[in-house]
Number of protein chains: 2
Amino acid sequence: MQSYTEENYLKIIYHLSEISHPVQTNAIAERIQTKAASVTDMIKKLSEKELVNYVKYQGVTLTEKGKLTAINIVRKHRLWEVFLVDKLNFKWDQVHEVAEELEHIQSNLLIERLDEFLDFPKVDPHGDPIPDKHGNFAEMTFVKLSKLKDGDQGTITGVSEHSSAFLKHLEKLGLTLGKRVEIIDVVEFDGSVELLLEHEKLNISREVAKHILITKN
Amino acid sequence: MQSYTEENYLKIIYHLSEISHPVQTNAIAERIQTKAASVTDMIKKLSEKELVNYVKYQGVTLTEKGKLTAINIVRKHRLWEVFLVDKLNFKWDQVHEVAEELEHIQSNLLIERLDEFLDFPKVDPHGDPIPDKHGNFAEMTFVKLSKLKDGDQGTITGVSEHSSAFLKHLEKLGLTLGKRVEIIDVVEFDGSVELLLEHEKLNISREVAKHILITKN
DNA sequence: AATTATTTTTAGATTTGTCTAAAATAAGAA
DNA sequence: TTCTTATTTTAGACAAATCTAAAAATAATT
């Protein structure tokens, strides 16, 4: 069993692993709101527990055991997010902090029953995939909206930025999960995208487009 | 804001206050699975935060502020228990440990939405009253089953013992919340109670009867 | 390759909550 | 009242997670 803090480190290392491999001490420190020295201490502890592979000055990677632990926390986080949105009418920009706490509740029965209660959702309110209890993810076929060309069509199925500010902005524009969009034009000057959303013309910045995930269909 | 540990102390002190007033150090130590010395330390801390009134060697009482905090934790605990039983199909003897963790999640929005989602329940799965957000309890008119006389009738509306062993025992006997019972005889020899439950005769020990709460009607 | 800058680690201190062992106080019995 | 017992508190130590400041290693630059 891991402590609350250890679980948080594992989760952050898991997420950062998707960007850089191995993960640097400073990157963890930044994400976890702490100092590099503290990270080094914790990494040593996790290394002794065989949850991470650690080589001094070279950063860390998760061991198989550490990865499974991390994925389980991600699973819990995302299931709770679905609960908050689907059952308690939270907005998609309100769920993160609460799920951050709920993900540490220790009870397999609870999480399996929650999964069932929510009807085994495959994605969370931001379109992120929810692993099953064995740690397996369903295949996702996302494309960043910013990569689409004129005439391309698709459905919004996820976002890659979870800040409240960004999510509220999308909400205001009507760019929520499940909506169909068609690209009218990609402006060469600034990379902004002209698109059609429910017969309405819309222009979004390249910055925004980069964080909207589309499934072509 | 209080720490997880502080919250637990406040909750225990609150519950013990119903038995003895003020609450003794050793009583807290026993309930919280720790040593008297640790309790003294924590009590001093809570006293400095004005959550308890503390006189050396004389035990503690909750201040108004401490009491409100404690009641809020009890509220959260009981609402989560209702959720687990009503929505996730937990048995009434399975909910305590998980609720013990869930009660510490910090989010007023969460708890108000949960309350609404559960349709503002007045009692938890053991018949214990759920305070409203201001800390007010609905009036309860319980009588211990062991206090009833021959011919008395009523509905089981609560239990005053929450161990899994006891609850499973009741479950097996069919003595669950909402069931109507009629007293046939109180055996003088051992205080055991003969009763009628859905046209079935049943004999329960005085020990069991003491922990079943009845609303006469 | 030598120097500078950045990143990471060590060493030692701090905070929270806990502990043991000993001292102080309160309560009960003779 | 005095002795004995039980309860509570103090003093000092410990583990977990953090911090600052300084040292060490790595990376970047000239």
Side-chain angles (χ1 to χ4, degrees), chain A residues 1-17 19-62 66 69-70 73 100-101 103-104 106, chain B residues 1-14 16-17 19-62 66 69-70 73 100-101 103-106:
Chain A
M1 205 83 299
Q2 290 77 232
S3 73
Y4 190 102
T5 313
E6 287 169 354
E7 288 194 347
N8 271 332
Y9 272 88
L10 290 174
K11 183 188 60 175
I12 299 296
I13 294 168
Y14 174 76
H15 287 311
L16 291 173
S17 292
I19 305 165
S20 81
H21 210 80
V23 179
Q24 284 144 293
T25 305
N26 257 355
I28 299 170
E30 200 177 311
R31 273 287 284 271
I32 229 159
Q33 293 276 68
T34 187
K35 296 293 148 70
S38 312
V39 174
T40 302
D41 289 343
M42 179 55 78
I43 281 172
K44 281 184 187 166
K45 200 175 150 192
L46 293 174
S47 178
E48 268 165 39
K49 292 191 174 188
E50 303 197 312
L51 293 160
V52 300
N53 304 115
Y54 171 53
V55 183
K56 267 191 200 175
Y57 295 100
Q58 307 293 268
V60 281
T61 58
L62 291 173
T69 308
I73 298 160
E100 217 50 16
E101 290 189 54
E103 73 191 5
H104 299 288
Q106 301 292 352
Chain B
M1 204 84 301
Q2 290 76 231
S3 71
Y4 189 102
T5 313
E6 286 168 353
E7 288 194 346
N8 271 331
Y9 272 90
L10 291 173
K11 183 187 61 174
I12 299 295
I13 295 168
Y14 174 76
L16 291 173
S17 292
I19 305 166
S20 82
H21 209 80
V23 178
Q24 285 146 291
T25 306
N26 257 355
I28 299 170
E30 200 177 311
R31 273 286 285 270
I32 229 159
Q33 294 277 66
T34 187
K35 295 295 147 69
S38 312
V39 174
T40 303
D41 289 342
M42 180 54 80
I43 281 172
K44 282 185 186 164
K45 199 175 153 194
L46 293 174
S47 177
E48 268 165 39
K49 291 191 174 188
E50 303 197 312
L51 292 160
V52 301
N53 305 114
Y54 171 53
V55 183
K56 265 191 201 175
Y57 294 100
Q58 308 291 267
V60 281
T61 58
L62 291 173
T69 307
I73 298 160
E100 219 46 18
E101 289 188 54
E103 72 190 6
H104 299 288
I105 303 292
Q106 302 291 353

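Residue numbers start from 1 in every chain, and the chains themselves are labelled A, B, ... in the order their sequence lines are given, proteins ahead of strands. All values below come from the heavy atoms of this structure, side chains included, with hydrogens, waters and symmetry mates left out. All values reported here derive from a predicted model rather than from experimental measurement.
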Applying side-chain contact (heavy atoms from CB on, under 4.5 Å), can you list everything that pairs with A:Q58, at least two apart in sequence or on another chain?
A:V55

Sorted by chain and number, sequence neighbours left out, ring pair (Phe, Tyr, Trp, His ring centres under 6.0 Å) with A:Y4 holds for A:H104

Nearest whole angstrom, please: distance from the C1' of C:dT10 to the NZ of A:K44.
7 Å

Shortest side-chain distance from B:Y9, nucleotide among D:dT7, C:dT18, C:dT7
C:dT18

Look at all strands and tell whether A:Y4 reaches a base, only sugar-phosphate, or nothing, counting heavy atoms closer than 4.0 Å.
nothing

Please give, in whole Å, the distance from D:dT7 C1' to B:E30 CD?
13 Å

With a 4.0 Å cutoff (strictly under), does any side-chain N or O of A:S3 reach OP1 or OP2 of D:dA16?
no

Distance in angstrom units between A:E48 CD and D:dA15 C1', rounded
14 Å

Given atom CD1 of A:I28 and atom C1' of D:dT18, what is their separation to the nearest angstrom?
16 Å

Give every residue pair that meets the side chain to side chain donor-acceptor pair (under 3.5 Å) criterion with at least one member in residues 46-55 of chain B, sequence neighbours excluded.
B:E6-B:K49, B:N53-B:T61

Distance (rounded to the nearest 0.5 Å) between A:H21 NE2 and A:L62 CG
8.0 Å

Starting from C1' on C:dT9, measure out to CG on A:N26 and report it in whole angstrom.
12 Å

Nucleic acid contacts - residues 33-43 of chain A versus DNA chain C, non-hydrogen atoms under 4.0 Å:
A:A36, A:A37, A:T40

Looking only at side-chain N and O atoms, does B:T5 come under 4.0 Å of OP1 or OP2 in C:dT16?
no

Scan A:V60, A:I13, A:L10, A:I43 and name whichever one has a side-chain contact (heavy atoms from CB on, under 4.5 Å) with A:L51.
A:L10

Contact under 4.0 Å: A:Y54 side-chain N or O vs C:dT9 OP1/OP2
yes

All N/O donor-acceptor pairs, side-chain side in residues 28-38 of chain B, below 3.5 Å, sequence neighbours left out:
| from | atom 1 | to | atom 2 | distance (Å) |
| --- | --- | --- | --- | --- |
| B:T34 | OG1 | B:S38 | OG | 3.4 |

Can you list the residues that meet the side chain to side chain donor-acceptor pair (under 3.5 Å) rule with A:Q2, with sequence neighbours excluded?
none

Approximate separation, where rounding is to 0.5 Å, of B:K44 NZ and B:M42 CE:
12.5 Å

Pairwise N/O distances under 3.5 Å, protein to nucleotides 25-29 of chain D:
| from | atom 1 | to | atom 2 | distance (Å) |
| --- | --- | --- | --- | --- |
| D:dA25 | O4' | A:Y57 | OH | 3.4 |

Apply side chain to side chain donor-acceptor pair (under 3.5 Å) to B:Q24 and list each qualifying residue two or more places apart in sequence or on a separate chain.
none

